[in-house]
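Heavy atoms only: backbone and side chains are in, while hydrogens, waters and symmetry mates are out.
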Amino acid sequence: MSIDEEINTLVEDALEKIDLTIQKILSSRENMDLYPIGTIGRAGGLLREFQKPILERHPELRPPPPKDYIQDPQMTEEQREFTDLLTSEKLEEIDKALLSNAKKNYLKVARLVSDMLMNEDIHIEGIPAVFYSERLRLLVENGFLESQGDLHYMRFSEVRLAEERN
């Protein structure tokens, strides 16, 4: 086994553990309140960035997508009521922040969402991660972003700035 293969295997094992951790956190409202999912998501993003040069040199090492996708959770009625109170100015501010974090190349939706959760100037306590994912879907529908993958699975979908807007 080459060093690239060995490193890639270790990174894939770490990413699998991060994905399992995120699934565990998302499965319980109590866990979502206790653990900073944005930090865990950022760790996964950093590992994927670390892995990128290996996969560019050896595309055959790219793993198949996970078999058991878990769709992003829906907002609770309480969360929906809270986010419905956001002003149009605040929604515009959130959308601008999402677009300013998007790039010409594809980025994982989960990474952009975690960036929003960690942005103290934008994020309001009580707004769930899935809200930002929904905003990204609206930006795609309105032509500001392009996507690949199913946007209902933020860890397995990506967005980039729309070509005509670059």
Side-chain angles (χ1 to χ4, degrees), residues 11 14-52 65-66 69-166:
V11 169
L15 287 169
E16 184 176 330
K17 288 177 183 174
I18 287 173
D19 282 344
L20 290 172
T21 302
I22 290 172
Q23 288 177 24
K24 192 67 154 179
I25 291 170
L26 292 176
S27 70
S28 161
R29 174 78 179 144
E30 180 181 323
N31 286 339
M32 289 174 67
D33 291 339
L34 289 175
Y35 297 102
I37 192 166
T39 303
I40 295 168
R42 187 175 299 270
L46 290 172
L47 277 171
R48 285 181 177 88
E49 286 298 313
F50 178 82
Q51 184 185 41
K52 199 176 203 175
Y69 285 1
I70 295 178
Q71 190 169 16
D72 297 341
Q74 298 291 316
M75 280 198 279
T76 65
E77 188 63 35
E78 182 181 291
Q79 291 169 329
R80 180 70 62 198
E81 287 173 5
F82 181 73
T83 58
D84 285 347
L85 296 175
L86 294 173
T87 64
S88 58
E89 291 81 17
K90 185 63 178 178
L91 292 174
E92 187 176 324
E93 183 182 355
I94 289 169
D95 290 348
K96 283 182 180 180
L98 286 165
L99 288 169
S100 72
N101 287 334
K103 306 287 182 227
K104 290 181 182 181
N105 56 324
Y106 282 105
L107 293 174
K108 290 280 185 190
V109 168
R111 177 180 173 188
L112 291 170
V113 168
S114 71
D115 287 345
M116 293 300 295
L117 292 171
M118 297 178 76
N119 184 333
E120 294 174 3
D121 295 331
I122 301 291
H123 179 64
I124 298 171
E125 193 63 37
I127 295 180
V130 70
F131 171 78
Y132 297 111
S133 180
E134 287 181 5
R135 296 306 300 177
L136 285 168
R137 282 198 301 272
L138 285 172
L139 291 169
V140 168
E141 288 173 17
N142 292 321
F144 292 97
L145 297 171
E146 296 175 350
S147 68
Q148 60 184 23
D150 186 337
L151 292 174
H152 291 91
Y153 300 86
M154 71 175 88
R155 291 188 335 255
F156 306 111
S157 57
E158 299 175 320
V159 294
R160 70 177 179 191
L161 293 171
E163 286 292 325
E164 62 271 2
R165 301 210 185 249
N166 285 333

- salt bridge (Lys or Arg N to Asp or Glu O under 4.0 Å) against E146, all qualifying residues, sequence neighbours excluded: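 If we apply the salt bridge (Lys or Arg N to Asp or Glu O under 4.0 Å) test to E146, skipping adjacent residues, the hits are R160.
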Once rounded to the nearest 0.5 Å, what's the spacing between atom [atom1] of [X] and atom [atom2] of [Y]?
X    : Y    : atom1 : atom2 : answer
E120 : E125 : CD    : CD    : 10.5 Å
N119 : S100 : CG    : OG    : 8.0 Å
N105 : L161 : CG    : CG    : 9.0 Å
T83  : E78  : OG1   : CD    : 11.0 Å
I124 : M116 : CD1   : CE    : 10.0 Å

- Task: Decide side chain to side chain contact (heavy atoms under 4.5 Å, CB included) for I127 and L86; before the verdict, give the C-alpha distance in whole Å, the side-chain angles of both, and the deciding distance to 0.1 Å.
- Result: CA-CA 10 Å; I127 295 180; L86 294 173; 3.9 Å; yes
- Query: Which pair of heavy atoms, one from V140 and one from S147, lies closest together, and at what distance?
  - Reply: CG1-OG, 3.8 Å
- Message: Please give me the minimum heavy-atom distance between S157 and G149, naming the atom from each residue.
- Response: CB-C, 4.0 Å
- Message: Looking at M154, is its backbone amide N or carbonyl O close enough to the side chain of D72 to form a donor-acceptor pair, meaning the two atoms are under 3.5 Å apart?
- Response: yes
- Taking the side chain from D150 and the backbone from H152, do they hold a donor-acceptor pair closer than 3.5 Å? yes
Mind listing the side-chain donor-acceptor pairs of residues 128-138 below 3.5 Å, one per line with the distance, residues two or more places apart or on another chain?
residue : atom : partner : partner atom : Å
Y132    : OH   : H123    : ND1          : 2.8
E134    : OE1  : R80     : NH1          : 3.1
E134    : OE2  : R80     : NH2          : 3.0
R135    : NE   : D95     : OD1          : 3.0
R135    : NH2  : D95     : OD1          : 3.3
R135    : NH2  : D95     : OD2          : 2.6
R137    : NH1  : L151    : O            : 3.3

- Message: For residues 108-117, which residue pairs pass the salt bridge (Lys or Arg N to Asp or Glu O under 4.0 Å) check, not counting sequence neighbours?
- Response: R42-D115
- Message: Using side chain to side chain contact (heavy atoms under 4.5 Å, CB included), reason through L145 and L98 one step at a time and then give a plain yes or no.
- Response: CA-CA 10 Å; L145 297 171; L98 286 165; 5.9 Å; no
- Are any non-hydrogen side-chain atoms of R48 and K52 less than 4.5 angstrom apart? no
- Message: Looking at E16, I'd like to know if its CD atom is crowded, meaning that more than 12 non-hydrogen atoms belonging to other residues, nucleotides or ligands lie closer than 6.0 Å.
- Response: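 Counting other residues, nucleotides and ligands, CD of E16 stays at 12 neighbours or fewer.
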- Verdict with reasoning, E93 to K90, per salt bridge (charged side-chain N to carboxylate O under 4.0 Å, His left out): CA-CA 5 Å; E93 183 182 355; K90 185 63 178 178; 3.7 Å; yes
